[in-house]
2 protein chains.
Amino acid sequence: MKKISSRFSIAVHILSLISMLPMPTGDLIAASVNTNPVIIRKIIAQLKKAGLVNVRAGTGGASLSKTPAEITLLDVYRAVEVVDGNELFNFHEHPNPACFVGANIENALRESMLSAQAAMEQELASVTIERLANKIVACGQRSGWADQGSV
Amino acid sequence: MKKISSRFSIAVHILSLISMLPMPTGDLIAASVNTNPVIIRKIIAQLKKAGLVNVRAGTGGASLSKTPAEITLLDVYRAVEVVDGNELFNFHEHPNPACFVGANIENALRESMLSAQAAMEQELASVTIERLANKIVACGQRSGWADQGSV
DNA sequence: CTCGTTGTAACCAGTTTAGTTATAACCAAA
DNA sequence: TTTGGTTATAACTAAACTGGTTACAACGAG
């Protein structure tokens, strides 16, 4: 099966970085994520459209539009994992309406699908970029990292 | 973004149908789902491998290996949406270990990803095929369906 | 003006999805 | 035992998505 794309984890990485560094450029972020700068710019474009970051064109550099405490992982998820109808689960189309099950399964199943999705999103909404940044620092300290000044 | 494949909803459809009809053939199920019989057989093969259904080769027909009350949507999801490591979220690979964020984000973020996934799966685990079948009947009655005898 | 940066468009290879066709194996019943 | 309907599976297709690349125009501070 296809997983949720790595755009989400990259977007979280980007926002964490912006929250910890002053006005990083796309190239610098790309170096930390270890991917192509265009990938970063595309994802930042989505984050910008969602109102999460500001970007200074020309001279470069990105900053958060809200405080790290105001941005949740759900905001990030919704910004980059766009899907029609915001529905995570796909439904097979056109089940046979002449069959009792085919005619009625969609209504019956969709309810369960939506609550499963809602449970996941609620969990994402409970984590802010601020909390994640703190966790990153804690992970770094636990593993004996001292060089916070580097890229 | 890519949704969770419709295999899941088809698999649930199949199991609901089997729980309500005696030994339906793949072709009959395909008619209800409104797709190609080979699609049905492939999904049934996954359900069989997961120990959810028995299939009578040659003469045809499928039956449940457990009672409808013992099969949850999570069982179906796991049977059909196979993923390496059972992780729904993808992580971008090889973030820069020389960067403070790059070195530590994976540990920090994975925890939140896993609890989001766990919340969704717990919700799926709370619905059984039995409950869903009842809901299908309820939906059918609510919309004035009388012809339960048809395919 | 210039240089580094952002914003896009166009393109590419690999994977997944959903579906099709074809063929072999199976088994009960005639 | 042959026949017919069924299951099992391989091989193939078109479309979509992912992650990535190259190229180029627009921007703006120094």
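Proteins come first, then strands; the chains are lettered A, B, ... in the order of their sequence lines, and each starts at number 1. Atom set for the values below is all heavy atoms of this structure, side chains included, hydrogens, waters and symmetry mates excluded. From a predicted model like this one, the values you see are computed outputs, not experimental measurements.
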request  = Take the angle between the ring planes of A:H13 and B:H92 and call it parallel below 30°, perpendicular above 60°, tilted in between.
outcome  =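 If you compare the ring of A:H13 with that of B:H92, the planes turn out tilted.
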key: Whether B:F89 and A:F8 hold their rings parallel, tilted or perpendicular, with breakpoints at 30° and 60°   =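 Tilted, since the angle between the ring planes falls between 30° and 60°.
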Between [X] ([atom1]) and [N] ([atom2]), how many Å, whole number?
X: A:N54; N: D:dG28; atom1: CG; atom2: P; answer: 14 Å
X: A:F89; N: C:dT17; atom1: CZ; atom2: P; answer: 14 Å
X: A:M23; N: C:dG4; atom1: CE; atom2: C1'; answer: 14 Å
X: B:F8; N: C:dA18; atom1: CZ; atom2: P; answer: 13 Å
X: A:I40; N: C:dT6; atom1: CD1; atom2: P; answer: 11 Å
X: B:N90; N: D:dG19; atom1: CG; atom2: C1'; answer: 11 Å
X: A:D27; N: D:dT21; atom1: CG; atom2: P; answer: 13 Å
X: A:H13; N: D:dG19; atom1: NE2; atom2: P; answer: 15 Å

key: Nucleotide nearest A:N36 (side chain, heavy atoms from C-beta), chosen from D:dT21, C:dA18, D:dT7   =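 Between D:dT21, C:dA18, D:dT7, the one nearest the side chain of A:N36 would be D:dT21.
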Listed nucleotide nearest any side-chain atom of B:T25, set C:dT6, C:dT21, D:dT6 =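 Selected nucleotide: D:dT6.
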request  = Using the closest heavy atom to pick a nucleotide of DNA chain D for each, name whichever of A:I10 or B:A62 lands nearer the 5' end.
outcome  =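 Checking each residue's closest nucleotide, the 5'-ward one belongs to B:A62.
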ask   = Which residue lies toward the 5' end of DNA chain D, B:P24 or A:I39, if each is placed at its nearest nucleotide?
value =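 Its nucleotide being nearer the 5' end, the pick is B:P24.
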inquiry  = Need one value for B:K48: base, sugar-phosphate or nothing, where a base atom within 4.0 Å counts as base even if backbone is also close, heavy atoms only.
reply    =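 Here B:K48 touches the backbone only, sparing every base.
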Give a yes/no answer on whether the side chain of [X] brings an N or O atom under 4.0 Å of OP1 or OP2 in [N].
X: A:K42; N: D:dG20; value: no
X: A:R41; N: C:dT5; value: no
X: B:T35; N: C:dG19; value: yes
X: A:R56; N: D:dG28; value: no
X: B:S6; N: C:dA18; value: yes

task = Can you see which heavy atom on B:F91 is nearest to which on B:L109, and at what distance?
result =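 Nearest pair, atom of B:F91 first, then B:L109: CE1-CD2, 3.8 Å.
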ask   = Do side-chain atoms of A:Q46 reach the backbone of A:I43 as a donor and acceptor pair under 3.5 angstrom?
value =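 Not confirmed, A:Q46 side chain does not pair with A:I43 backbone.
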task = Scan A:I10, A:L17, A:L28 and name whichever one has a side-chain contact (heavy atoms from CB on, under 4.5 Å) with A:V33.
result =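 The passing option is A:I10.
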inquiry  = Closest-nucleotide mapping onto DNA chain C: is B:V38 or A:G60 further toward the 5' terminus? I mean the 5' end.
reply    =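 Result of the comparison: A:G60.
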